[in-house]
Amino acid sequence: MIKLENVTKIYKNDVVALREANADIQKGEFVFLVGPSGSGKSTFIRLLNHEEQPDRGRIFVAGKDIGKLSHWKVPYLRRNIGCVFQDFKLLPNKTVAQNVAFALEVIGRPKHVVRTQVPAILELVGLAHKAKNMPNELSGGEQQRVSIARAFVNRPLILLADEPTGNLDPSTSVGIMRLLDRINRTGTTVVMCTHDAGIVDTMRRRVIELDHGTIVRDQDRGVYG
Amino acid sequence: MIKLENVTKIYKNDVVALREANADIQKGEFVFLVGPSGSGKSTFIRLLNHEEQPDRGRIFVAGKDIGKLSHWKVPYLRRNIGCVFQDFKLLPNKTVAQNVAFALEVIGRPKHVVRTQVPAILELVGLAHKAKNMPNELSGGEQQRVSIARAFVNRPLILLADEPTGNLDPSTSVGIMRLLDRINRTGTTVVMCTHDAGIVDTMRRRVIELDHGTIVRDQDRGVYG
Amino acid sequence: MALKVDYVAREVGSNLRRNVTLTLASVITVFVSLALVGVAFLTRTGVQNATQRWQGGVEFIVFMQPAASEDQISAVQEALDESPQVDSVDFIDQQEAYEEFTDLFADSPEMIQSVTPEILPPSFRVEPTDKDVDVIRALGSEFESKPGVKQVVFAAEAIRTLQDFSRLLSLGLFSGALVLLGAAVLLILNAIRMAMFARRREIEVMKLVGATNWFIRVPFMVEGLVQGLVGALLAIPAVIGIINFIESKLTDTETINLFQGFAVHSSEQFGVAILLLVVGCLVGVIGSFVAVTRFLDV
Amino acid sequence: MALKVDYVAREVGSNLRRNVTLTLASVITVFVSLALVGVAFLTRTGVQNATQRWQGGVEFIVFMQPAASEDQISAVQEALDESPQVDSVDFIDQQEAYEEFTDLFADSPEMIQSVTPEILPPSFRVEPTDKDVDVIRALGSEFESKPGVKQVVFAAEAIRTLQDFSRLLSLGLFSGALVLLGAAVLLILNAIRMAMFARRREIEVMKLVGATNWFIRVPFMVEGLVQGLVGALLAIPAVIGIINFIESKLTDTETINLFQGFAVHSSEQFGVAILLLVVGCLVGVIGSFVAVTRFLDV
Ligand SMILES: Nc1ncnc2c1ncn2[C@@H]1O[C@H](COP(=O)(O)OP(=O)(O)OP(=O)(O)O)[C@@H](O)[C@H]1O
Ligand SMILES: Nc1ncnc2c1ncn2[C@@H]1O[C@H](COP(=O)(O)OP(=O)(O)OP(=O)(O)O)[C@@H](O)[C@H]1O
Ligand SMILES: [Mg+2]
Ligand SMILES: [Mg+2]
């Protein structure tokens with residue numbers, strides 16, 4: 001499903017965010033991406049999402065070399081990828097419900113689907129009562145859950161989650177992790193960055209550890225560190 | 001140092017973010033604010049910072065009723081309060097160093113102080129090598145550390161930290177907590193929201209727990225939950 | 001693609017409401033700019049209409065010899081009548097010329113006494129179809145060489161001057177209007193670019209969620225269209241109000257009868273209104289298109 | 001407070017560089033708006049200068065009876081010479097009048113033959129100091145009743161018309177310039193408001209970090225000042241270029257000699273340049289002040 005071949009990403013100022021990374025993630029896998037702050041986890045995700053392009057190496061998503069993707073095809077790639085961003089990236093001018101609905105409207109889902117799916121997913125992340133609020137009227141954790149809801153709502157093939165529990169209390173985190181697990185069981189490939197050792201150690205899934213841009217560990221049924 | 005008397009904060013839509021809260025925090029105390037997502041922790045901090053005003057009740061900071069504070073005095077209140085915001089609130093048009101320096105320039109510190117303090121504090125949070133980067137060129141955890149550095153740099157009387165380790169890996173978190181502890185030992189009052197049970201349980205300081213806006217626990221040398 | 005009308009409508013509606021500052025700023029820019037353009041164009045039209053009648057005064061006079069024979073006079077009369085370039089001819093015989101003379105010099109009986117109809121030349125006052133000075137000159141000179149013709153005199157210098165003046169004023173106002181139009185387009189594009197800049201993060205997020213360029217662009221373009229349209233719709237009554245005010249001022253003034261003919265026909269007002277609408281809408285749509293595109297290359 | 005000059009300078013410098021889009025947009029708005037204002041004001045001045053000489057043409061003629069006695073003529077001459085309202089007097093005696101007549105009717109020897117110097121009235125051509133029509137009328141009528149005076153004739157209608165025209169044109173251009181100035185101020189304020197809107201988050205953060213209102217405001221105001229200044233400095237050469245272009249066009253044209261006197265003195269250009277500078281700077285500073293203040297109430 002996802003394959004990185006010798007991928008190197010160098011930001012300006014010669015910051016090597018990812019160095020010769022190789023990884024092969026099968027369909028339906030659940031992968032934790034761990035590593036210290038600034039080790040390149042978000043960069044890994046941004047590369048899969050075509051938000052950044054690698055300086056060297058090739059990246060395959062769903063069998064396609066996304067480096068060769070023509071410009072106008074990028075949105076179609078992204079529709080197959082749900083993404084929970086570390087900084088949420090909510091649309092400030094839309095309500096919670098509209099933010100989630102947007103992901104469905106983008107792929108042209110009919111109105112009745114939007115009308116049933118959006119409240120359902122908001123219920124799932126525990127935000128049904130905030131559906132009409134604007135993002136700036138939400139607490140940090142609530143914003144994060146909106147971001148999660150938006151990434152889930154169109155049942156993507158791949159789910160990229162960048163610290164989806166960073167702003168959540170332990171019990172809400174557990175709820176979110178259950179949700180992620182359920183989604184993973186329906187066949188969705190999940191890649192999740194996290195700093196939460198508890199979650200990684202409980203779930204015991206594949207762990208890829210980064211350090212200064214290098215993959216230093218790739219372990220099935222691994223622990224945090 | 002900080003005193004809340006029957007403080008109630010109601011956002012529009014009748015969201016009661018804080019209900020009849022009473023708390024008395026002495027100078028030099030270290031207080032953890034815990035509670036599930038949306039329980040009112042950030043609101044608590046925003047009230048102390050005069051970012052929000054209470055609907056009922058009175059708040060005293062350093063002996064002054066900040067509800068009676070005239071408009072132009074608010075900045076002077078804020079200079080005595082360092083604040084790590086949950087969403088960092090960095091100035092997007094300034095480099096890391098300039099962001100931190102800004103907090104010093106605001107209080108009119110001479111140039112030579114700025115020139116020595118800023119690199120020192122950046123070194124402390126492990127970001128000396130990113131001094132010249134813009135905020136959008138940083139990883140989530142790095143941005144968070146800039147926010148922490150900015151809150152520390154002018155040695156405030158009170159330090160409010162809203163989930164300062166939310167985006168940090170465990171070992172960086174420990175480093176930051178050591179720093180907070182050191183600052184606290186120099187007499188600075190620290191109020192910190194967190195979801196990290198490990199930190200709370202290790203430090204064993206005063207814990208105020210919120211739930212749906214109500215203070216449900218106020219315990220010296222407490223644990224997370 | 002799947003760009004649904006109701007999605008676009010909803011999107012545009014909520015954006016216009018939520019970004020009130022930006023919406024207002026864009027609309028004000030369109031309004032002020034287009035109002036200036038409209039007033040300039042209509043003033044020009046008004047001045048042109050006011051000075052039209054001077055154009056009608058352009059004529060030349062064919063003076064015959066006082067001693068010209070009947071045959072010579074009727075030959076010239078025929079030639080004038082047959083010329084397709086001549087609109088109307090007025091023959092002033094010696095008696096009529098004498099009457100004009102006595103009218104003109106009513107204050108100077110001595111002069112009237114010294115003149116008799118016989119010494120005054122009969123003349124043809126000719127109004128040509130084509131009012132162009134050069135054409136008139138060419139036409140008039142044709143008759144200069146005819147037998148019995150003493151002289152061909154063209155419209156007075158003062159009239160010519162007024163014509164030049166009117167033409168120049170009209171040209172000046174027209175260039176002014178064009179410059180304003182250019183400036184308006186520039187200012188409106190500028191305002192849209194700025195508004196887009198304020199929303200570049202939003203555009204970026206839309207892209208990241210998988211929206212195609214057109215999906216993002218169309219609502220912004222419709223938004224630009226609405227802003228351009230509203231700005232233009234505000235500008236049109238303002239322009240018409242100002243023009244009518246100018247008209248009433250000019251036609252009221254007693255000392256200045258020069259512009260009493262200042263009038264802008266409603267068809268001309270309509271034309272300018274259409275111009276403003278088209279410019280407002282086009283600039284809104286195209287400006288938004290270009291401005292959004294700048295931020296689409298995420 | 002502790003507002004240090006080097007802090008402000010650094011802040012302004014980096015903001016101008018970092019927000020290139022906003023800086024450019026504001027500068028363009030100031031530039032275009034002020035250029036329009038400047039051209040309008042200078043065109044008005046030029047037209048006024050060009051038509052000044054027509055004002056000089058205002059005069060009236062005191063026709064004496066052809067049979068007026070020497071005494072009567074010299075009495076009128078004295079009265080005219082002594083009047084403080086009279087600028088200059090030109091006496092045309094009967095012989096001179098006859099010469100003018102023969103010049104005028106050179107084509108009609110019959111008419112010339114019919115006239116002798118004795119029947120023509122001698123006249124005084126008077127140029128008053130005050131060019132106002134009403135004043136002239138009053139002055140001229142004074143002489144109408146003097147013994148030996150036949151009639152007082154005022155300047156030809158054509159001249160009067162040209163005067164009215166010039167005054168009206170000048171007034172029109174002036175109002176146009178004022179309207180443009182108002183529009184320019186509005187557009188510039190608008191642009192600044194928009195730029196501030198795009199940076200409202202930044203202002204909010206500054207407040208939260210403990211910056212006083214003035215600490216935040218001053219750099220923004222200086223930024224507005226710089227943008228206004230740069231816009232004005234760009235507008236000034238543009239205005240002078242355009243005006244010189246108009247001047248050369250007008251004075252080159254052969255058919256239109258009406259505006260050959262079109263000229264804008266460098267002192268007038270200087271005056272308008274100062275006006276643009278002042279407006280640009282003031283609007284920039286005050287606009288920024290107001291716009292920032294809107295976002296300061298966090
Ligand atoms: N500006 C606002 N307008 C309306 N409601 C708000 C606003 N800000 C916060 N709220 C609501 O107030 C409640 C408390 O919010 P607060 O940000 O204090 O929570 P929190 O304890 O910080 O949560 P988290 O751990 O998720 O950051 C939440 O339900 C939130 O939705
Ligand atoms: N746009 C950018 N320009 C320059 N450097 C960047 C940019 N984005 C990220 N970096 C740098 O690349 C490195 C990796 O960043 P990345 O965001 O991938 O880290 P991360 O593992 O997600 O960290 P965190 O856990 O703190 O979010 C960091 O050193 C960061 O400073
Ligand atoms: Mg990251
Ligand atoms: Mg919070």
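All values below were derived from every heavy atom in this structure, side-chain atoms included, with hydrogens, water molecules and symmetry-related copies excluded.
- Within 6.0 Å of atom CZ in F270(C), 12 or fewer heavy atoms from other residues, nucleotides or ligands are found, so the atom counts as exposed in its surroundings.
- Counting heavy-atom neighbours within 6.0 Å of R200(C) CZ, excluding the residue itself, gives a total above 12.
- For chain A, no part of R201(C) is nearby; none of its heavy atoms comes within less than 4.5 Å.
- Residues of residues 122-143 of chain A that come closer than 4.5 Å to chain C, counting heavy atoms only, are M134(A), ordered by residue number.
- There is no contact between K73(A) and chain C, counting heavy-atom distances below 4.5 Å.
- Looking at N93(A), the atoms closer than 4.5 Å to chain C (heavy atoms on both sides) sit in the backbone and in the side chain alike.
- Note that CD1 of I203(C) is 11.0 Å distant from CG of L91(A), once rounded to the nearest 0.5 Å.
- Note: W72(A) CH2 to N213(C) CG = 11.5 Å, rounded to the nearest 0.5 Å.
- The shortest side-chain heavy-atom distance between F85(A) and V205(C) does not fall under the 4.5 Å cut-off.
- F102(A) and Y7(C) have tilted rings, their planes meeting at an angle from 30° to 60° on a 0 to 90° scale.
- Between the R78(A) side chain and the A211(C) main chain, no donor and acceptor come within less than 3.5 Å of each other.
- A salt bridge does not link E202(C) with K89(A): none of the charged nitrogens is closer than 4.0 Å to a carboxylate oxygen.
- Annotation: the span from I81(A) atom CD1 to L208(C) atom CG amounts to 11.0 Å, rounded to 0.5 Å.
- Look at R10(C) and E105(A) and you find a salt bridge, because one of the NZ, NE, NH1 or NH2 atoms lies within 4.0 Å of a carboxylate O, short of that distance.
- Using a 4.5 Å cut-off between heavy atoms, Q98(A) touches chain C through its side chain atoms alone.
- Under a cut-off of 6.0 angstrom, the local environment of NZ in K64(A) is sparse, with at most 12 non-hydrogen atoms contributed by other residues, nucleotides or ligands.
- For the pair L296(C) and H71(A), the minimum side-chain heavy-atom distance is 4.5 Å or more.
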